[in-house]
Amino acid sequence: MDTYRSDFLQAMAARGFIQDLTHPGELDALMATGTPVPAYIGFDATASSLHAGSLVQIMMLRWLQKTGHKPIVLMGGGTTKVGDPTGRDSARKMLSDADIQGNIDGIKQVFQKYLTFGDGPTDAVMVNNADWLDGLNYLAFLRDYGRHFSVNRMLSFDSVKLRLEREQPMSFLEFNYMILQSYDFLELNRRHGVRLQMGGSDQWGNIVNGVELGRRVDEAELFGLTTPLLTKASGEKMGKTADGAVWLNADHLSPYAYWQFWRNTEDADVGRFLKLFTELPMEEIDRLSTLQGAELNEAKKILAHAATALCHGEDAARDAAETARRTFEEGGIGENLPRVQVARAELEGGTLGLLAALVKAGLAASNGEARRQVQGGAVRLNDEKATEPTRMIEAGDITADGVVKLSMGKKRHALLVAE
RNA sequence: GGAGGGGUGCCCGAGUGGUUAAAGGGGGCGGACUGUAAAUCCGUUGGCUUAGCCUACGUUGGUUCGAAUCCAACCCCCUCCA
């Protein structure tokens, strides 16, 4: 492993955040001077929350702040209108300005959990590239910056090359994405003195272009750093779960479900994830990583707790852990299982069918799916297997706690609550 | 503008007049095994008031008893040519 003098690069290298780095020596020297260095990561506003796939970048900004530097969060309000072609075979669907603004508002909430914003030298700042991209003058832009980009070279970057090799369409709009991202870097350097852009390894081409543009236009010495593409040990992409993406906003995915996601980490990933997604000291992580077999479950709980505490707060993490303990280790009813309000009359009157109840509880997407799962023996009503699709929910099904517990398989549970 | 190829379910991809809600794979969900893991095996995977009905193979019309499959027009994509 490379050895660095700066706290930031040292921590990042030790924890497995670094895939590639432009000019490692010079960057290390810059980061070690004791003066806060502004560095940025861009996030496109394609959804109203970020998910676990962006967590590596978020954690890196956190470390940046922790080690005495200044994180700049760039919201891609402008670039989202163009759409990053990287790693895709087709263009993103067009989002309206209102959609984009709504997404930015949602994403802001995530960052407030992880970073300290403000006006101080190491306080985080959030900026929106729509501020400078929206008003660009096409001709002036082409003459000032377009001339620095070689189409020949652009065609050689993976984001473009792979698309063309697969004979998939790429519009001129998308083709411009890397130019705009490069320009962002330049603009951030001018406005905020940003020296470093970070991002996932798929962003390497976009980042390097920005570094070069800065040198050509302003003779600025800029740096780039990329993180490894994060996959599970079994090769799958990170950030997926039963209900889709692992969202970081509590209104998209409950803290309990978030905790569960980390609790179910594959054995082979535990050590790596502890380094990336928690701030436990390295000695502690090394100790946890030596655990074998079922003992590793303890390490997974620690991972789940630490990751959830960062995202949703200590209390939410504790609640989630407690709910999980009761649900799985005692087979009881945990406090934090998803609760669905149902009219008392409906619950007691025997008019609510089991299938409809499962859909209502969010455990099945449709009546048909609910039916199949019931017939397949996957469904439990108050922990009793329910195999009859025509079964109705009745007053007698309400437990002493005043709820009806529905389970889909072993891990997905929900409570119907009379209102 | 010309010539050729193509647009199928969440994704990839077979299918060229009926037995096709559409092979196969991936992904998802569930079951078994386990440690709330992985791997493996099994089931399932459009909707509904489910022995039936409805919706679906780029769009719109047409031929036919019957079309994802044939015809016409249109839209979109790829390749080569101009």
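A, B, ... follow the sequence lines: proteins, then strands. Residue 1 opens every chain. Just so it is clear, the model here is predicted, and its values are computed rather than measured.
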In whole angstroms, the gap separating C1' of rG5(B) from CD of Gln168(A) amounts to 14 Å
Give me the distance, rounded to whole Å, that separates rU64(B) from rG17(B) when you measure between the C1' atoms they each carry. 9 Å
Heavy-atom closest pair (Ala250(A) atom, Pro255(A) atom, distance to 0.1 Å) is CB-CD, 4.3 Å
Of rC29(B), rG35(B), rA37(B), the nucleotide closest to the side chain of Lys411(A) is rA37(B)
* Rounded distance in Å between the C1' positions of rA23(B) and rG13(B) -> 10 Å
- Query: Between Tyr4(A) and Gln10(A), does any side-chain donor sit less than 3.5 Å from a side-chain acceptor?
  - Reply: no
Separation of rU34(B) atom C1' from Glu329(A) atom CD, nearest Å, is 16 Å
Ring pair (Phe, Tyr, Trp, His ring centres under 6.0 Å) test vs His312(A) passes for just one of Tyr258(A), Tyr256(A), Trp247(A), Trp262(A), namely Tyr258(A)
*So does Arg372(A) get a side-chain nitrogen or oxygen closer than 4.0 Å to the phosphate oxygens (OP1/OP2) of rC48(B)?*
no
Can you tell me if Ser366(A) touches the phosphate of rC48(B), counting only side-chain N or O atoms and a distance under 4.0 Å to OP1 or OP2?
yes
Q: Mark yes or no for a side-chain to base donor-acceptor pair under 3.5 Å between Lys410(A) and rU34(B), with no hydrogen or angle criteria applied.
A: yes
**Q.** Distance between C1' atoms of rG47(B) and rA14(B) (Å, rounded)
**A.** 25 Å
Considering only the P atoms, how many Å lie between rC11(B) and rG27(B), rounded to the nearest integer? 16 Å
Taking for Arg263(A) and for Ala365(A) the nucleotide of RNA chain B with the nearest heavy atom, the one nearer the 5' end belongs to Arg263(A)
Exactly one of Leu358(A), Thr390(A), Leu381(A) clears side-chain contact (heavy atoms from CB on, under 4.5 Å) with Val374(A), and that residue is Leu358(A)
Gln373(A) CD to rG31(B) C1', in whole Å, measures 10 Å
rC70(B) -> Watson-Crick or G-U wobble partner, both distances under 3.5 Å, gives rG62(B)
If pairing means Watson-Crick or G-U wobble with both distances under 3.5 Å, then the partner of rG35(B) is none
Rounded to whole Å, CD of Glu266(A) lies from P of rA38(B) at a distance of 6 Å
### Task
Determine the Euclidean distance between corresponding C1' atoms of rG46(B) and rG28(B); express it in Å to zero decimal places.
15 Å
From OH of Tyr256(A) across to C1' of rU36(B) the rounded distance in Å is 9 Å
So salt bridge (Lys or Arg N to Asp or Glu O under 4.0 Å) across residues 362-375 of chain A, not counting sequence neighbours, yields none
I'd like the C1' distance from rG18(B) over to rU79(B), given in whole Å. 37 Å
Against the side chain of Pro169(A), the closest entry in rC77(B), rC29(B), rA37(B) is rC77(B)
What's Gln260(A) touching, base or sugar-phosphate or nothing? Going by heavy atoms closer than 4.0 Å.
base
note: Lys301(A), atom NZ; rA37(B), atom C1'; distance rounded to Å ~ 13 Å
Hey, does the side chain of Thr265(A) come within less than 4.0 Å of rA37(B)'s phosphate (OP1/OP2), counting only N and O?
no
Mate of rG1(B) across any strand shown (Watson-Crick or G-U wobble, both atom pairs under 3.5 Å) is rC81(B)
Closest of rG35(B), rU79(B), rU36(B) to the Glu167(A) side chain is rU79(B)
With side-chain contact (heavy atoms from CB on, under 4.5 Å) as the criterion, how do Gln203(A) and Thr86(A) come out once you've worked through the C-alpha distance, each side chain's angles and the decisive distance to 0.1 Å? CA-CA 8 Å; Gln203(A) 293 295 312; Thr86(A) 304; 4.3 Å; yes
Exercise. Taking the inter-plane angle between the rings of Tyr145(A) and Phe141(A) on a 0 to 90° scale, is it parallel (under 30°), tilted (30 to 60°) or perpendicular (over 60°)?
Worked result: tilted
Between Lys66(A) and Asp7(A), does the side-chain contact (heavy atoms from CB on, under 4.5 Å) criterion hold? Intermediate values first, please. CA-CA 9 Å; Lys66(A) 259 193 141 169; Asp7(A) 291 344; over 6 Å; no
On RNA chain B, more 5' by nearest nucleotide between Ala378(A) and Lys300(A) is Ala378(A)
Handout entry: Distance-only donor-acceptor test, Asn367(A) side-chain atoms vs rG47(B) base atoms, 3.5 Å
Key = no
Margin query: Heavy atoms only, 4.0 Å cut-off, all strands: where does Gly293(A) land among base, sugar-phosphate and nothing?
Written below: base
rA22(B) -> Watson-Crick or G-U wobble partner, both distances under 3.5 Å, gives none
Re rG27(B): Watson-Crick or G-U wobble partner, both distances kept under 3.5 Å, found to be rU45(B)
Do Arg371(A) and rU50(B) share a donor-acceptor pair, side chain to base, under 3.5 Å? yes
Here the distance between atom P of rA37(B) and atom CG of Leu303(A), to the nearest Å, is 15 Å
Whole-Å distance, Phe273(A) CZ to rA37(B) P, equals 16 Å
* Using the C1' atom on both, measure rG31(B) against rU36(B) and round to a whole Å. => 16 Å
Q | Between rU55(B) and rC48(B) - P atom distance, rounded Å | A | 15 Å
